[in-house]
Amino acid sequence: MQSQYNMTTDFTAQCYVLIKQIPEGRVTSYKEIAKALNSRAYRAVGSAMAKNKDLITIPCHRVVKSDGKVGGYALGTETKIALLEKEGVKIKDKEVQDFDTLLFRFET
DNA sequence: TCTTTACTCAAGG
DNA sequence: CCTTGAGTAAAGA
């Protein structure tokens with residue numbers, strides 16, 4: 001995409017920027033993030049999150065797996081689910097309900 | 001450089 | 001349903 005602005009930003013930082021754009025009550029998948037970065041580094045996204053400590057500035061709990069499963073979270077999957085449900089996201093057995101509707105897609 | 005990882009997809013059982 | 005293997009990029013040993 002050779003973005004509008006310089007791509008000097010790190011891959012990890014790019015992930016954070018995208019995640020911060022997710023509105024409450026919505027979620028996105030690791031794949032969507034990777035795709036938004038014109039990459040296939042699904043794992044790198046999760047890996048970056050795992051190291052991330054800025055749970056306040058970066059709502060990584062809004063990032064779930066592509067198949068609707070919640071995925072992991074630094075504070076535990078249960079915590080992640082609790083946060084999402086507070087924002088209006090229904091979750092059943094670690095799976096996001098109406099995932100396709102709630103999925104926030106970035107511009108392609 | 002090799003291994004592991006908050007991942008994804010396809011194929012085989 | 002399950003497990004493997006391949007693909008992929010970053011962090012740690």
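Being a predicted model, the structure only gives us computed values, none of them experimental. To find a chain, count down the sequence lines: A is the first, B the second, and so on, and within it residues start at 1.
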Write down the distance between CG (A/N52) and P (C/dA10), rounded to a whole number of angstrom.
16 Å
note: A/I33, atom CD1; B/dA6, atom C1'; distance rounded to Å ~ 11 Å
Can you sort out the partners of A/L103 under side-chain contact (heavy atoms from CB on, under 4.5 Å), two or more places apart, ordered by chain and number?
A/T28, A/S29, A/E32, A/F99, A/R105
Quick one: list whatever passes side-chain contact (heavy atoms from CB on, under 4.5 Å) with A/K90, sequence neighbours left out.
A/Q97
If we ignore hydrogens and angles and just use 3.5 Å, is the side chain of A/K94 paired with the main-chain N or O of A/I81 as donor and acceptor?
no
Residue pairs passing the ring pair (Phe, Tyr, Trp, His ring centres under 6.0 Å) test with at least one member in residues 26-77 of chain A, sequence neighbours excluded, are none
Show me, pair by pair, the donor-acceptor contacts under 3.5 angstrom made by side chains of residues 15-24 of chain A, not counting sequence neighbours?
residue: A/Y16; atom: OH; partner: A/A48; partner atom: O; Å: 3.2
residue: A/Q21; atom: NE2; partner: A/V17; partner atom: O; Å: 3.2

A/K69 meets the side chain to side chain donor-acceptor pair (under 3.5 Å) criterion, sequence neighbours left out, with A/E95
Once salt bridge (charged side-chain N to carboxylate O under 4.0 Å, His left out) is applied, do any residues pair with A/E87, and if so which ones, sequence neighbours excluded?
A/R62
Contact letters for nucleotides 8-13 of chain B, in which S counts primed atoms plus P, OP1 and OP2 and B counts the base, heavy atoms under 4.0 Å
SS----
In residues 76-83 of chain A, which residues come under 4.0 Å of DNA chain B by heavy atom?
A/K80
One should report the stems of DNA chain C, each a stretch of at least three consecutive Watson-Crick or G-U pairs at distances under 3.5 Å, as B:1-5 with C:9-13, B:7-13 with C:1-7
Applying ring pair (Phe, Tyr, Trp, His ring centres under 6.0 Å), can you list everything that pairs with A/F104, at least two apart in sequence or on another chain?
A/F106
Would you tabulate the nitrogen or oxygen pairs shorter than 3.5 Å linking the protein to nucleotides 11-13 of chain C?
residue: C/dG12; atom: OP1; partner: A/K51; partner atom: NZ; Å: 2.0

